[in-house]
Amino acid sequence: MSPSPHSWDLTPREAIAVQQQLRGLVRLEPLRQEINTIAGADISFNKFSEVVYAGIVVLSLPDLRIIESVGIRSTSKFPYVSGLLSFREAPSLLEAWEKLQTKPDVLMLDGQGIAHPRRLGIASHIGVLLDWPTIGCAKSILVGRHGELAPEAGSRSPLIDRGEQVGVALRTKKNVSPVYVSPGHLIDLDSAVDLVLRTVTRYRQPEPTRQAHLLVNQIRVADNDERGNET
DNA sequence: GCGACAG
DNA sequence: ATCTTGTCGC
């Protein structure tokens with residue numbers, strides 16, 4: 001069951017209170033169905049601007065063909081605050097989600113799942129609100145530490161925070177810095193790692209979030225030289 | 001008080 | 001995240 005939507009017009013202090021309230025709703029469990037589609041979500045924006053471009057790209061598995069793409073333009077008043085990323089990015093991402101014709105079996109976010117100070121990174125937060133399976137695949141660490149990784153693709157090391165494993169540092173390609181995978185909601189860590197590896201091609205980032213990143217930057221640039229001067 | 005700090 | 005080109009290394 002999904003909780004009743006909460007306000008997004010909050011102060012950082014109120015946002016933390018919301019996280020404390022929602023953390024208890026996160027469900028880490030094995031996926032129930034086979035995964036045939038997976039989507040990636042991301043946002044982009046111009047420096048110093050409140051306009052944000054959010055996008056979601058749905059891919060098929062195991063072929064990784066793009067089934068659908070949704071990109072929207074919105075605004076975000078909430079500033080970037082470490083630990084409160086979802087309050088800046090989730091609203092616009094949820095708008096894009098509503099416009100999707102084909103809901104994916106799993107949604108991958110560019111950020112943390114439970115590898116968060118209050119165990120409610122953007123992937124877990126959105127997962128709980130949508131009551132949908134989500135995975136967090138971040139490019140850097142928010143909390144936790146891990147041991148050294150072997151240089152080969154596929155090597156991993158547990159990401160530990162305050163004595164508990166919250167995710168894994170995963171080397172997706174040989175000799176590249178690792179990505180940090182943590183379950184968001186309605187999935188377990190092993191399945192999350194498996195899906196990330198199944199969606200990696202020739203880049204460090206898995207295709208879902210990589211394609212979403214390309215999409216939002218594309219619409220941002222297009223929107224820029226369609227309005228701004230330059231003509 | 002000091003250091004850390006997703007995007 | 002965004003601002004930016006070429007360049008060193010596997």
Side-chain angles (χ1 to χ4, degrees), chain A residues 8 12 15-16 19 22-23 26 40-56 71 73-94 96 107-127 134-146 149-153 155 159-162 166-185 192 196 202-206 208-225 228 230:
Chain A
W8 291 106
I16 289 176
Q19 295 182 320
L22 297 178
R23 65 181 302 178
V26 174
D42 192 23
I43 75 163
S44 180
F45 56 88
N46 291 309
K47 199 173 184 179
F48 304 136
S49 172
E50 289 185 6
V51 176
V52 299
Y53 302 85
I56 297 179
R73 197 188 77 176
S74 186
T75 60
S76 183
K77 179 63 178 172
F78 205 95
Y80 167 72
V81 177
S82 180
L84 301 179
L85 178 66
S86 59
F87 292 87
R88 172 178 175 66
E89 309 193 344
S92 54
L93 289 177
L94 291 175
L107 179 63
M108 185 184 289
L109 285 295
D110 193 346
Q112 316 294 343
I114 62 170
H116 177 280
R118 290 166 292 283
R119 304 294 182 262
L120 197 83
I122 189 169
S124 295
H125 194 162
I126 287 180
T134 57
I135 297 173
C137 184
K139 299 181 295 301
S140 60
I141 296 175
L142 208 209
V143 297
R145 304 188 313 136
H146 65 82
L149 297 180
E152 310 81 58
S155 65
L159 182 62
I160 309 296
D161 179 50
R162 299 182 215 171
V166 293
V168 300
L170 176 67
R171 184 102 64 194
T172 56
K173 303 293 292 185
K174 186 174 191 231
N175 293 332
V176 301
S177 49
V179 293
Y180 304 89
V181 183
S182 58
H185 185 56
V196 168
R202 56 179 303 194
Y203 306 92
R204 176 202 179 202
Q205 287 282 121
T209 48
R210 197 180 79 81
Q211 287 299 329
H213 190 270
L214 292 174
L215 171 66
V216 294
N217 275 310
Q218 185 181 325
I219 63 178
R220 177 173 64 81
V221 174
D223 193 50
N224 282 338
D225 49 47
E230 277 53 70

Interatomic distance where CG belongs to A:Leu142 and P belongs to C:dA1 [whole Å]: 14 Å
Sugar-phosphate, base or nothing in reach of A:His125, heavy atoms under 4.0 Å: nothing
OP1 or OP2 of B:dG7 under 4.0 Å from side-chain N/O of A:Ser140: yes
Atom pair distance, as rounded to whole Å: CG in A:Asp161 and C1' in B:dC5: 13 Å
C:dA1 OP1/OP2 closer than 4.0 Å to side-chain N/O of A:Asn46: no
Below 4.0 Å: OP1/OP2 of B:dA6 and any side-chain N or O of A:Tyr80: yes
Rounded distance [0.5 Å steps], CD1 in A:Ile16 versus CZ in A:Phe87: 9.0 Å
Euclidean distance, A:Arg118 CZ relative to A:Leu84 CG, rounded to 0.5 Å: 6.0 Å
Touch class at under 4.0 angstrom, heavy-atom based, for A:Leu84 against every strand present: base
Euclidean distance, A:Ile141 CD1 relative to A:Leu159 CG, rounded to 0.5 Å: 5.5 Å
Sugar-phosphate only, base, or nothing, as touched by A:Gly136 at under 4.0 Å among non-hydrogen atoms: nothing
Protein-nucleotide distance (A:Ile141, atom CD1; B:dA4, atom C1'), rounded to Å: 11 Å
Protein-nucleotide distance (A:His213, atom NE2; C:dA1, atom P), rounded to Å: 5 Å
Lys/Arg N to Asp/Glu carboxylate O, A:Glu152 vs A:Arg171, below 4.0 Å: no
Value in whole Å for how far the C1' atom of B:dC5 lies from CD of A:Gln112: 11 Å
Interatomic distance where CG belongs to A:Leu93 and P belongs to B:dA6 [whole Å]: 18 Å
Distance below 4.0 Å between A:Lys139 side-chain N/O and B:dG7 OP1 or OP2: yes
OP1 or OP2 of C:dC3 under 4.0 Å from side-chain N/O of A:Arg220: yes
Any A:Ser44 side-chain N or O less than 4.0 Å from OP1/OP2 of C:dA1: no
Protein-nucleotide distance (A:Tyr180, atom OH; B:dC5, atom P), rounded to Å: 10 Å
Side chain of A:Ala138 - closest among B:dA6, C:dC10, C:dT2: B:dA6
A:Asp110 and A:Thr209: side chain donor to acceptor below 3.5 Å: no
Residue closer to the 5' end of DNA chain C, A:Lys174 versus A:Asp42 (nearest nucleotide): A:Asp42
A:Phe45 vs A:Val51, side chain to side chain contact (heavy atoms under 4.5 Å, CB included): CA-CA, chis, key distance, verdict: CA-CA 6 Å; A:Phe45 56 88; A:Val51 176; over 6 Å; no
Any A:Lys173 side-chain N or O less than 4.0 Å from OP1/OP2 of C:dC10: no
Atom pair distance, as rounded to whole Å: CG in A:Leu109 and C1' in B:dA6: 11 Å
Aromatic-base stack, A:Phe45 on C:dA1, cutoff 5.5 Å, angle under 30: no
